[in-house]
Novice: 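Okay, here's the structure, questions in a sec.
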There are 2 protein chains.
Amino acid sequence: MDTVSSKPVVTIRDLAGTLGLSHTTVSRALADHPKIKAETKLRVRALARELGYVPNGSAQSMRGQHGPTIGLIIPDIQNDFYASIAKTVADAAAARGFQLTLSVTEDNPEREMDDLRALIVARAAGIIITPTASPKAQTLELLAGANAVQLVRQDERLPHEAVVIDDYLGVSAATRHLVTYGHRDIAYVGTGTDLSCGRDRLAGFRAVMIEHGLNPDRVALGQPRPEFSHHAVHGLMSGSQRPTALVMGSSSLTIGALKALRSLNLQWPEDVSIVGYGDPVWFELMGSGLTTVRLPVQEMGAYVTSLLLARTELPRVTGGDACPQPSRFAPSLVLRGSARILTAG
Amino acid sequence: MDTVSSKPVVTIRDLAGTLGLSHTTVSRALADHPKIKAETKLRVRALARELGYVPNGSAQSMRGQHGPTIGLIIPDIQNDFYASIAKTVADAAAARGFQLTLSVTEDNPEREMDDLRALIVARAAGIIITPTASPKAQTLELLAGANAVQLVRQDERLPHEAVVIDDYLGVSAATRHLVTYGHRDIAYVGTGTDLSCGRDRLAGFRAVMIEHGLNPDRVALGQPRPEFSHHAVHGLMSGSQRPTALVMGSSSLTIGALKALRSLNLQWPEDVSIVGYGDPVWFELMGSGLTTVRLPVQEMGAYVTSLLLARTELPRVTGGDACPQPSRFAPSLVLRGSARILTAG
DNA sequence: TTGTATGCGTTATCAC
DNA sequence: GTGATAACGCATACAA
C-alpha cells in the first residue's frame, strides 16, 4: 500500500510502549520466563509477530561471553575434501544453533589473518582452521587466545589440538602397492615440504622406495594446483626415461596429471599406472576407475567438530602450552583400475 | 609462565585506565581520529597490542544499521556450481571487509528458515539465497524485509531481484544438438517441476522435440540426486526400446547417469550419446570428454555479489512490490566427445 | 587536543 | 507478576 516503507525496526521497548508494559516484562515474556502471566505472554507474542519484531543479535551477544558463530578457515572450498568438511561442520553448527562463518584463504596469509581477526572480533565461539604454511605472527597470537582446532595441517607453534591425516601411511601404501605390482621406476608428484603433510607424504614415498632398493629421487614438488602437476607430469612423461608409474600427492595434482596424460595421448593403466590422492565421486567414473588413497573425510569432519563443540559448551580449558599430539586418521587404498601389474620387460 | 591465564578480556576502558586517559580518547586513537596527538595514538596502540586488545564486534554493530556479514544460503556446498559461487562471494566479501555466513539447506525448508532467521537476527548486511521449492511462510516474511537477492531459483512471491540461468536455452540447445546429429529417440532425465528452473529445462527439451516431430515424452523427473538418475537411466537403458541419446538436467543427475551406464557396461558415445548439465573440471577428463551445457558460474557469482553489495552500501531502496524480471544468464554448449552423429540404421 | 555524557537493545538484579 | 535501574563495550555530540 504505502510506497516508502523502510521498516521502522521494532525493539522490545516499542512493543512495551504500545502494550502499556515495561520492556523488562516484554523481554521476559519473549524468553518464556516462568512467572509472567500466560495471557501477558500471549499478548506480547502476538504483537511481536504482528509488528515483525526480531531480536537484535548484537545486543544479545554483548552480554554473553561469545557470539553465536563458529568459524571455518580453509584454503579452498572448491576442493572436494574441504567442501565435504564444510558440509559436516555446517550440519553440526546448524544442529546446535550456531552459524557458520566461512573463510577461504587461498593459502594467503594476509587473508588468513584478516578473516581470523574478524572472527575474533565477532567473538566466535570456536574456530576450525587449516593454517597456511607461514601464518603471520599476528595470526598466531590471535589464535593462541581462542578456542580453536587445527585441521589437516598442524602448525607446531600453536597450542591447539590437531586433527590430521596420516599422510605417511597414505602415500607409502600407494607406493607399496605399485612396487608389489612390479613397478620399479616410480615417480612421485606432490606438494612442497613447507608443510608437515607435504613432508610426510614425500617421506612415505621415499621410505618405501629405499626399502626396496629403488630410486627415491624421481620426485616433483610444487604448489598444489593442477597447473603444476600438468607441467610436471608432462615433463616426466615426455622424457626418454619414462617412469612406469605415478604416485600423486593431492587431489588437485591428480587432476593436472590426468590432463597431462590426456594431452600426451597416454592411456592408463596401459602406458602408465597412476594412484591418486583423495577420492571425489568422479575418480570412480574415470576410465576403468582410478586407484586412489581415500581420505576419511566424514570421520575427520565429525571429529573436529565434536572436539570443538565439546569445549565450546564447557568453561574454557586452556590445556598447557605444550603442542599436543595430533589425532591422526588413517587413509585407505581403494583398488580400482588405474594401476596394473607390470610384466617383466 | 602462569598456569591459569583465562584471558581477562581487555576493553578500551581498561586501556584508558592504565594510560590515565579517558576511554573516548582511546576510542579515537584506535580509530585514527585526525585530532588526537600522534604520540597519544602511539602509546594507545602500543598498549593495545601489548595487552592483546580486540574490539568487541557486538558493541560496534549495535550502533550501526547492520552487522558485518553477508549471508549465502544454498542447497549444497559439495555441488561444483555452488562451491564456485561460494568462492566468488567469499572473495568479494573479504575484499570489502565483510564476513561470509554460509548456510547449507539441503533443500530443507526448516533449516532454510532457521538459518535465515539467524542471519536476520545478526542484522546481516545482505543475503544471497537459492530458495527451496516451498519456503515456509515465515521465511518469506523474514526475507521480504531484508536486503536480499535470489540466485538460480526465483520464488515469485519474493520482491527481490533474481539472477538465474536461462535453463530453457541450455536444455533446448543440448537437445537440438542431438537432433542435428540425427538422434530421434532422445530421453530427458531432469529435476522435478516444482521449481521454475526444472520446468524451464523440461520445456526446453519438449519444445525442440515437438518442433521436430519427435516424441517429447521420454522423460524421467525426480530429485536432483545421483541415486535418482542412476535408477532412472538404468531403467531407461535396460528396456527394449533404448533411447539413442540422453539429455541431463543437472550435474548431480549427470553423475548418476554415468554410474548407471558403467554398471550396465554401456559405452558412450558408442552405445548412447549423452549431454551433461554443468561443467565441473572433470567432465573434460571423462573418456573422450563429456559434451555438456556450461553454466556461466563466474559471471553469475560476480553479478549477484555486485548487485547485493551495491545496495548494501547505499541507503536501502525498496523497489516496489512487483516481482522484478530476473537477470537471465545464457549457458553455452561445450562440444566434446560424448555425443556422436547417428548414422541411419 | 582531550574529557563528559548519552545511547544503541538486551538481560539481570533488585525492588514492589 | 511486574517494573525501575544498571550494565555490557563502543562511538559520538557536545563541552572544555
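Convention: sequence-line order gives letters A, B, ...; per-chain numbering from 1. As the structure is a prediction and not an experimental result, all values here were calculated from the model. All heavy atoms count here, side chains included; hydrogens, waters and symmetry mates do not.
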Novice: Between A:R311 and A:E161, is the closest basic N to carboxylate O distance under 4.0 Å?
Specialist: yes
Novice: Atom CE of A:M62 and atom P of C:dG7: how far apart are they, to the nearest Å?
Specialist: 15 Å
Novice: Heavy atoms only, 4.0 Å cut-off, all strands: where does A:K35 land among base, sugar-phosphate and nothing?
Specialist: base
Novice: Indicate, yes or no, whether a donor-acceptor pair under 3.5 Å links the base of C:dT11 to the side chain of A:H33.
Specialist: no
Novice: Would you name the heavy atoms of B:E110 and B:N108 that are closest together and state the gap between them?
Specialist: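 Heavy atoms of B:E110 and B:N108 come nearest at N-OD1, 2.9 Å.
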Novice: Between B:T130 and B:Q150, do the side chains contain a donor N or O and an acceptor N or O under 3.5 Å apart?
Specialist: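 Note: B:Q150 and B:T130 side chains miss the donor-acceptor criterion.
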Novice: Quick one: bend of the helix from C:dT1-D:dA16 to C:dC16-D:dG1 from 5 pairs per end, to 10°?
Specialist: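 Roughly 40° between the end axes, to the nearest 10°.
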Novice: Starting from the 5' end of DNA chain C, give me the residue, B:I36 or B:A59, whose nearest nucleotide shows up first.
Specialist: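 In this pair, the answer is B:I36.
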Novice: When the distance from CG of B:L15 to P of D:dA11 is rounded to whole Å, what number comes out?
Specialist: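 In whole Å, D:dA11 P and B:L15 CG are 12 Å from each other.
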Novice: Below 4.0 angstrom, N of the basic side chain to O of the carboxylate: do A:R153 and A:D194 qualify?
Specialist: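 Here A:R153 does not pair with A:D194 in a salt bridge, since their nearest N and O are not under 4.0 Å apart.
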Novice: Taking atom P of D:dC8 as reference, at what distance in whole Å does atom NE2 of A:H66 sit?
Specialist: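 One finds 19 Å between P of D:dC8 and NE2 of A:H66, rounded.
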Novice: In terms of side-chain heavy atoms of B:N56, which of C:dT11, D:dC10, D:dG3 is nearest?
Specialist: D:dC10
Novice: Regarding B:D114 and B:K136, does a basic nitrogen lie under 4.0 Å from an acidic carboxylate oxygen?
Specialist: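 Here B:D114 does not pair with B:K136 in a salt bridge, since their nearest N and O are not under 4.0 Å apart.
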Novice: Would you say a side-chain N or O of B:Q60 is under 4.0 Å from OP1 or OP2 of D:dG9?
Specialist: no
Novice: For the pair made of CG in B:L21 and P in D:dA16, what is the distance, rounded to whole Å?
Specialist: 20 Å
Novice: Look at the side chain of A:R28 and the base of D:dG3, then say whether one donor and one acceptor between them are separated by less than 3.5 Å.
Specialist: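 Result: at least one qualifying N/O pair found.
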Novice: Heavy atoms only: give me the nearest A:V152-A:F81 pair and the separation to one decimal.
Specialist: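 The answer is CG2-CE2, 3.4 Å.
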Novice: When the distance from NE2 of A:H23 to P of D:dG3 is rounded to whole Å, what number comes out?
Specialist: 11 Å
Novice: Pick base, sugar-phosphate or nothing for A:T40, based on heavy-atom distances below 4.0 Å to the nucleic acid.
Specialist: sugar-phosphate
Novice: CZ of B:R43 versus C1' of C:dT1: gap in Å, rounded?
Specialist: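 So the CZ-C1' distance, B:R43 to C:dT1, works out to 13 Å.
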Novice: Hey, which sits more toward the 5' end of DNA chain C by its nearest nucleotide, B:R123 or B:S22?
Specialist: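 Result: B:S22.
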Novice: Taking only side-chain N and O atoms of A:T25, does any of them lie within less than 4.0 angstrom of OP1 or OP2 on D:dG3?
Specialist: yes
Novice: Once hydrogens and angles are ignored, does a donor-acceptor distance under 3.5 Å link the base of D:dT5 to the side chain of A:T24?
Specialist: yes
Novice: Nearest heavy-atom pair of A:T88 and A:A302: which atoms, and what distance?
Specialist: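 Here A:T88 and A:A302 meet closest at CG2-N, 3.6 Å.
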Novice: For the backbone of A:L143 and the side chain of A:H160, can you confirm whether one donor and one acceptor N or O come within less than 3.5 Å of each other?
Specialist: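 It does hold such a pair.
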Novice: Would you kindly give the CD1-to-P distance between A:I12 and D:dA4, to the nearest whole Å?
Specialist: 13 Å
Novice: Return the value, rounded to whole Å, for the distance between atom CG of A:D14 and atom P of C:dG7.
Specialist: 16 Å
